[in-house]
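To keep things clear, I will list the structure first and then write my remarks on it.
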Amino acid sequence: MPSVLPDGDPIPASGELPSSALDGLGSRPFGFYIHVPFCLTRCGYCDFNTYTAAELGPGASQRDYASTAIEEVRLARRVLGDAELPVETVFFGGGTPTLLPPEDLVRILHAVDEEFGLAPGAEVTTEANPESVTQRSLEVLREGGFTRMSFGMQSAREHVLTVLDRRHTPGRAGAAVQEARKAGFDHVNLDLIYSTPGETDEDWRASLDAALAAGPDHVSAYSLIVEDGTRLAARIRRGELPMPDDDVAADRYLIAEEMLTSAGFRWYEVSNWAVSDEARCRHNLLYWTGGDWWGVGPGAHSHVGGTRWWNVKHPAPYAHRLAAGESPGYAREVLTEDDQAVERLMLELRLVTGFPLADVRPSARTACAKALADGLLEVESFKRGRVVLTLRGRLLADALIRDLA
Ligand SMILES: C[S@@+](CC[C@H](N)C(=O)[O-])C[C@H]1O[C@@H](n2cnc3c(N)ncnc32)[C@H](O)[C@@H]1O
Ligand code: SF4
């Protein structure tokens, strides 16, 4: 979630949605995203909507956050009406959700269950910084209904973690995976970042080796993005660090694909690999396949039936609006059919299941034919004529998708 919010149409104080959004509610999978906007310190590369204690200012506190978030869950029930709407997935992201006491996270989850009901076998994930969990906190989360942990490991090399301003030691992420397994989590993800300034191929291989040795069933690997306004961007501008290089990033992606595949992982989205279908992140798949979700928290985005909205960004006005019984929504847009078609292509083409060839827009057919001829796309006929990225296509996915959208 980027920290700068776009403009859009105003949202009524009640949060009421246009009737088009409520049509077909319950026929699409439904999930909750719960944003927790707090971090102990800010990593130099990170542009997410998150605040350290020193940055937060008056009007919002970590201590009251669970109660405030629960107010928004109740608002969601009022806005969405009484329809049967079992929650398939809940994802707590940040920020650092595990900076809150685990009992607070469980309380928010139970409010979702009370208001909507969790579907049988619902996936409930929280992101966590490796240093922000303990054996006990993981046990409280597991017993409270969480089913999946996602740890931000980033690297196993100390000098890379230092450039990224990470607080944990290289070995902490692996230890956290072991603790999560002991607490009874079947599903554990590790997030990795590659092509950090100063990282070598050998460093990246060591990070992948360490991640695999920890035994997760899911790995996300992201190329370092230099976001405007971050400390990392300023250091690069001053010449203290080199800009990450696209060719180096492509080589690192190939190393990840090779090592993860050899270890039994398979890609299912350009930046995501899992050991089995059950290990895939169902919450992210819901985003990528046009599901409905309500995003709770400051700056959180929601999407229900073609209406997309986003909340006020700062935790203080967010808490203030909910305390006054009002929607914390900042602005919204109703997607046209055309917008939805473009969005569908942009998301589905990044998946291993690809995009139906027949649905490629007439204006993009030449670009699609060229991508097929250049070996960036292939037609999976056994998937009923869907175009799927080849390995080379995955390296160029962003540019290719721009051409086809
Ligand atoms: C919002 S963070 C939350 C997780 C948790 N706070 C942590 O840092 O461990 C989710 C993931 O996004 C990725 N990420 C954040 N900023 C990034 C950037 N500028 N470039 C690449 N990946 C980034 C990191 O891998 C991180 O683990
Ligand atoms: S801990 Fe995570 S969310 Fe917080 S600043 Fe670092 S990367 Fe961003």
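Note that this is a predicted model, so its numbers are computed, not measured. Keep in mind that the numbers below use all heavy atoms, side chains included, and drop hydrogens, waters and symmetry copies.
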When you check the gap from the basic side-chain N to the acidic O, do [X] and [Y] get nearer than 4.0 Å?
X	Y	result
R386	E348	yes
R344	D359	yes
R332	D9	no
E199	R157	no
R321	E71	no
R172	E179	yes
E139	R181	no
D338	R361	yes
R280	E269	no
R282	D277	no

Side chains of [X] and [Y], donor plus acceptor under 3.5 Å:
X	Y	answer
S67	D64	no
E72	N311	yes
R235	Y45	no
T230	D47	no
H320	Y318	no
D23	S20	no

For [X] versus [Y], what's the shortest heavy-atom pair and its separation?
X	Y	result
L208	I255	CD1-CG2, 3.9 Å
L138	A180	CD1-N, 3.7 Å
A156	S207	N-OG, 2.9 Å
L286	F30	CD1-C, 3.8 Å
Q340	L335	NE2-O, 3.4 Å
A128	M149	CB-CE, 3.7 Å

- Task: Sort and list the pairs that fulfil ring pair (Phe, Tyr, Trp, His ring centres under 6.0 Å) and have at least one residue in residues 156-181, not counting sequence neighbours.
- Result: none
[atom2] on [Y] to [atom1] on [X], rounded to 0.5 Å:
X	Y	atom1	atom2	answer
D251	S195	CG	OG	10.5 Å
L389	F355	CG	CZ	12.0 Å
L141	L109	CG	CG	9.5 Å
L400	L377	CG	CG	5.0 Å
L164	L232	CG	CG	8.0 Å
N129	C39	CG	SG	6.0 Å

Taking the side chain as every heavy atom from C-beta outward, state whether [X] and [Y] have any atom pair closer than 4.5 Å.
X	Y	answer
P298	P315	yes
L212	L260	yes
V296	H35	no
I34	T126	no
S150	D191	yes
V36	L99	no
L192	V219	yes
R166	P130	yes

Any chance [atom1] of [X] has more than 12 other-residue heavy atoms, nucleotides or ligands included, within less than 6.0 Å?
X	atom1	value
D165	CG	yes
E158	CD	no
E55	CD	yes
E84	CD	no

- Task: Assign the ring pair W309 / W294 to parallel, tilted or perpendicular, where the plane angle (0 to 90°) is split at 30° and 60°.
- Result: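 W309 vs W294 ring planes: perpendicular.
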- Between Y268 and H218, how do the two ring planes meet: parallel, tilted or perpendicular, split at 30° and 60°? perpendicular
- Message: When you measure from the centre of the six-membered ring of F185, is the NZ or CZ of R142 closer than 6.0 Å and no more than 45° off the axis?
- Response: yes
- R350 to W288 six-membered ring, cation-pi geometry met (6.0 Å, 45°): no
- Check the pair F91, F32 against ring pair (Phe, Tyr, Trp, His ring centres under 6.0 Å), reporting the backbone distance first and the verdict last. CA-CA 6 Å; F91 192 101; F32 265 92; over 10 Å; no
- Task: Measure centre to centre between the rings of F146 and F92, then say whether the value is under 6.0 Å.
- Result: yes
- Taking the six-membered ring for Trp, is the centroid-to-centroid distance between Y194 and Y222 below 6.0 Å?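 Centroid distance Y194-Y222: not below 6.0 Å, so no.
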- Message: L241 vs V163, test: side chain to side chain contact (heavy atoms under 4.5 Å, CB included). Steps then yes/no.
- Response: CA-CA 9 Å; L241 294 170; V163 171; 4.0 Å; yes
- Task: Dump the intermediate steps for ring pair (Phe, Tyr, Trp, His ring centres under 6.0 Å) on Y33 and Y287, then the final yes or no.
- Result: CA-CA 10 Å; Y33 171 73; Y287 288 158; 7.0 Å; no
- Show your reasoning for whether side chain to side chain contact (heavy atoms under 4.5 Å, CB included) applies to R148 and N189. CA-CA 8 Å; R148 187 170 180 273; N189 169 57; 3.6 Å; yes
- Task: Let me see the working for Y51 and H314 under ring pair (Phe, Tyr, Trp, His ring centres under 6.0 Å), right down to the final yes or no.
- Result: CA-CA 9 Å; Y51 303 82; H314 195 278; 4.9 Å; yes
